[in-house]
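Below you'll find the structure, written out as structure tokens, and then a few comments.
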Amino acid sequence: MIFFILYIVSALMYYVENQAQPESFSSIIKTMWWGVATLTTVGYGDIYPITGLGKILGGIIAVLGIGLFAIPTGIIASGFLEYFEKNNVGKR
């Protein structure tokens, strides 16, 4: 599912930004680097949208990335902590 989302957001951003930045967004495959960095909320800053529509789309995709990675990570970590506390794992 995540790879499908990555492909879709990369294709959208490619079609939005390719005319303005043909060297940075030269193909959908190369645009996937931007997609990975944005969806995982890393955001290196080496490739970024400059058009108005690209910035709006980038913001939406960044928020989507938080929902896909950051929120579930917190939920899973909370579940592990609850399990360890309930079963006294790691206590001497």
Side-chain angles (χ1 to χ4, degrees):
M1 181 72 171
I2 292 174
F3 290 115
F4 178 71
I5 292 171
L6 173 63
Y7 181 79
I8 296 299
V9 300
S10 298
L12 288 172
M13 189 56 76
Y14 167 76
Y15 289 115
V16 169
E17 287 291 317
N18 178 261
Q19 292 292 325
Q21 299 185 74
E23 67 286 341
S24 295
F25 296 92
S26 59
S27 70
I28 293 173
I29 300 298
K30 289 188 178 185
T31 304
M32 282 186 176
W33 170 248
W34 172 88
V36 168
T38 303
L39 283 172
T40 58
T41 67
V42 175
Y44 287 120
D46 56 343
I47 302 172
Y48 53 89
I50 59 171
T51 65
L53 183 57
K55 289 178 183 181
I56 291 169
L57 183 61
I60 292 168
I61 293 168
V63 171
L64 177 65
I66 292 169
L68 284 175
F69 293 101
I71 292 173
T73 300
I75 293 169
I76 292 169
S78 175
F80 275 123
L81 181 62
E82 183 179 318
Y83 172 80
F84 288 141
E85 287 176 347
K86 182 178 179 181
N87 295 305
N88 291 322
V89 176
K91 294 185 179 180
R92 296 182 186 208

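Computed over heavy atoms, backbone and side chain alike; hydrogens, waters and symmetry mates excluded. Quick caveat: nothing in here was measured; it's all calculated off a predicted structure.
You'll find the ring centres of Y44 and W34 outside the 6.0 Å limit.
N87 contributes a side-chain N or O that, together with a main-chain N or O of Y83, makes up a donor-acceptor pair within less than 3.5 Å.
Connection of L12 to L53 is established within a shared hydrophobic cluster, with ILVMFWY side chains joined at heavy-atom distances below 4.5 Å, either directly or through further cluster members. Residues I2 and I66 do not share a hydrophobic cluster, clusters being chains of Ile/Leu/Val/Met/Phe/Trp/Tyr side chains in contact below 4.5 Å. F4 and M13 end up in the same hydrophobic cluster when Ile, Leu, Val, Met, Phe, Trp and Tyr side chains are linked at under 4.5 Å. Linking Ile, Leu, Val, Met, Phe, Trp and Tyr whenever their side-chain heavy atoms come within less than 4.5 Å leaves F84 and I75 in two separate clusters.
For the atom pair CG (L81) and CD1 (I76), the distance works out to 14.0 Å, reported to the nearest 0.5 Å. With rounding to the nearest 0.5 angstrom, the OG1 atom of T51 is 11.0 Å from the CG atom of N18. Taking OH of Y7 as the reference point, atom OG1 of T31 lies at 10.5 Å (rounded to 0.5 Å). I5 CD1 to L64 CG: the interatomic distance, rounded to the nearest 0.5 Å, is 5.5 Å. A distance of 9.5 Å separates CZ in F3 from CE in M32, rounded to the nearest 0.5 Å. Here the straight-line distance linking atom CD1 of I47 with atom OG1 of T38 works out to 9.0 Å at 0.5 Å rounding.
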Indicate every side-chain donor-acceptor pair of residues 19-28 with a distance under 3.5 Å to a residue at least two apart or in another chain.
residue, atom, partner, partner atom, Å
Q21, NE2, E17, OE1, 2.9
Q21, NE2, Y48, O, 2.9
S27, OG, K30, N, 3.1

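The minimum heavy-atom distance between G67 and P72, with the atom names listed, is O-CD, 3.2 Å. Across G35 and S10, no two heavy atoms sit closer than the pair CA-OG, 4.2 Å.
Annotation for I56: hydrophobic cluster partners, listed by chain and number, are I60 (ILVMFWY side-chain heavy atoms under 4.5 Å, direct or chained).
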